[in-house]
Amino acid sequence: MRHRQALVTGAMGGIGSAICDRLRAGGLAVRTMDVRGEADVVMDLTVDPIPEWAVADVDICVSVAGVVDTFAPAHTMSAEKWSRDIDANLTAAFRVVQACLGGMRERRFGRIVAISSMAGQMGSAGKVAYAAAKAGLHGMIRTIAIENTSFGITANCVLPGMIATPKVLALPPADRHRILDSIPSGRFGHPDEVADLVAFLVRDQAGYLTAQEIGIDGGLQLNSLFVGPQSRQAADGVVQMTG
């Protein structure tokens, strides 16, 4: 893997920077792309042309870039907000993956990982466009896997739940506690945990794992609704019901 070239978009963010550090620690050459900061390629993936030099030699494409701060219920979502989320969270990912595919197919090797979200499976109140874009990634990645598996290219989605990024940690304490109450593991995930999962998926040895949607969410997607007679108490790992 020391001769593989990786490209990480959204590389200056909490998850993106953790992924870059982890891939470098594994011996990969990492090229960073972001709309801001000191990235190797500074550009807006929704509108700017992608430089050929930035993608021609890429063996591993990790699409992290996106926006998470658009809030509006479906009945009041403006066209502008809808387009912003779809462009940043879906179209931008497709553009960079598409740009890398030609070289991957020629070399008959590629690893593609799109950072999606549990919102793409579960939905998310107030974030209809975000959830739609992340769900769209799943169909996109599965189709790319279908079309390119015979060329030695894998494509997978990673679905983080609530990760302790700077934006999450900046939430008011009351909001953080409310969110934590909904997570069975009782904690936020660490960016390094997401990075470790991505590092596994992009290994040479992970060539038999493709078209998967892998959640990393501390059990957020589990249905914890209790439908017994009255109440339950969990003691020493045993659920006791009364009534």
Side-chain angles (χ1 to χ4, degrees), residues 1 4-11 13-28 30-31 33 45 55 58-66 68 88-105 107-122 130-161 163 189-221:
M1 289 185 63
R4 302 294 188 198
Q5 175 67 57
L7 173 67
V8 179
T9 74
I15 292 177
S17 60
I19 291 171
C20 291
D21 290 344
R22 178 64 180 81
L23 297 186
R24 290 190 184 103
L28 292 172
V30 177
R31 183 173 300 136
M33 182 180 287
L45 268 171
V55 294
V58 170
D59 304 300
I60 296 162
C61 178
V62 185
S63 174
V64 187
V68 299
N89 293 311
L90 179 57
T91 304
F94 174 70
R95 290 188 71 216
V96 73
V97 170
Q98 182 187 48
C100 294
L101 274 172
M104 291 179 177
R105 288 168 67 95
R107 294 185 293 274
R108 302 191 72 83
F109 178 90
R111 298 286 183 265
I112 296 166
V113 179
I115 302 299
S116 179
S117 167
M118 289 308 302
Q121 287 186 345
M122 300 171 61
Y130 178 82
K134 293 301 188 180
L137 280 177
H138 304 168
M140 181 191 90
I141 287 296
R142 289 185 66 85
T143 301
I144 288 169
I146 291 168
E147 295 174 349
N148 293 282
T149 299
S150 63
F151 289 85
I153 300 169
T154 67
N156 294 285
C157 279
V158 169
L159 285 60
I163 306 299
H190 299 296
D192 287 349
E193 292 176 301
V194 180
D196 283 342
L197 175 55
V198 171
F200 174 83
L201 293 173
V202 304
R203 299 185 313 157
D204 281 23
Q205 297 87 344
Y208 208 57
L209 201 167
T210 194
Q212 301 303 306
E213 301 163 14
I214 305 171
I216 177 166
D217 63 0
L220 182 64
Q221 86 284 9

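Numbers here simply count residues along the sequence, with the first being 1.
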Quick one: are [X] and [Y] in side-chain contact, heavy atoms under 4.5 Å?
| X | Y | result |
| --- | --- | --- |
| Asn148 | Met104 | no |
| Leu209 | Ile214 | yes |
| Asp204 | Arg4 | yes |

Using 0.5 Å steps for rounding, measure from the [atom1] atom of [X] to the [atom2] atom of [Y].
| X | Y | atom1 | atom2 | value |
| --- | --- | --- | --- | --- |
| Ile141 | Ile146 | CD1 | CD1 | 11.5 Å |
| Asn89 | Ser117 | CG | OG | 9.0 Å |
| Cys157 | Met140 | SG | CE | 7.0 Å |
| Asp196 | Ile216 | CG | CD1 | 8.0 Å |
| Met118 | Leu220 | CE | CG | 6.5 Å |
| Ile153 | Ile144 | CD1 | CD1 | 9.5 Å |

Locate the shortest heavy-atom distance separating [X] from [Y]; write the atom from each residue and the value.
| X | Y | result |
| --- | --- | --- |
| Ala92 | Leu45 | CB-CB, 3.7 Å |
| Leu23 | Ala199 | CD2-CA, 4.0 Å |
| Ala131 | Ala119 | CB-O, 3.5 Å |
| Ala145 | Thr210 | CB-OG1, 3.5 Å |
| Ala18 | Ala195 | O-CB, 3.4 Å |
| Val30 | Arg24 | CG2-CG, 3.6 Å |

### Message
Checking Leu159 against Lys134 for the side-chain contact (heavy atoms from CB on, under 4.5 Å) test, could you report, in this order, the C-alpha distance in whole Å, the side-chain angles of both residues, the deciding distance, and whether it holds?
### Response
CA-CA 9 Å; Leu159 285 60; Lys134 293 301 188 180; over 6 Å; no

Could you check whether any side-chain N or O of [X] sits under 3.5 Å from a backbone N or O of [Y], counting only pairs where one atom can act as donor and the other as acceptor?
| X | Y | answer |
| --- | --- | --- |
| Glu193 | Pro191 | no |
| Arg31 | Gln5 | no |
| Asn156 | Ala211 | yes |

#### Entry: Atom CZ of Phe94 with >12 non-hydrogen neighbours under 6.0 angstrom
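Not buried by this count: 12 neighbours or fewer within 6.0 Å.
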
### Task
Pick out which of Val113, Val158, Val62 makes a side chain to side chain contact (heavy atoms under 4.5 Å, CB included) with Ile19.
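Considering Val113, Val158, Val62, a side chain to side chain contact (heavy atoms under 4.5 Å, CB included) with Ile19 is found only for Val62.
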
### Task
Applying side chain to side chain contact (heavy atoms under 4.5 Å, CB included) between Cys61 and each of Leu101, Thr9, Val97, report the one that passes.
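Going through Leu101, Thr9, Val97 one by one, the side chain to side chain contact (heavy atoms under 4.5 Å, CB included) with Cys61 is satisfied by Val97 alone.
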
### Task
Check step by step if side-chain contact (heavy atoms from CB on, under 4.5 Å) holds for Thr154 and Leu201.
CA-CA 9 Å; Thr154 67; Leu201 293 173; over 6 Å; no

### Query
Between Asp192 and Arg22, does at least one N-O distance fall below 4.0 Å, as a salt bridge requires?
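Here Asp192 does not pair with Arg22 in a salt bridge, since their nearest N and O are not under 4.0 Å apart.
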
### Message
Go through it in stages, so that I can follow the logic: the residues are Cys100 and Leu7, the test is side-chain contact (heavy atoms from CB on, under 4.5 Å), and I'd like the CA-CA distance, side-chain angles, deciding distance and then a yes or no.
### Response
CA-CA 9 Å; Cys100 294; Leu7 173 67; 4.1 Å; yes

### Query
Going by atom types only, do Glu213 and Gln121 share a side-chain donor-acceptor pair under 3.5 Å?
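Indeed, the side chains of Glu213 and Gln121 share at least one donor-acceptor pair under 3.5 Å.
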
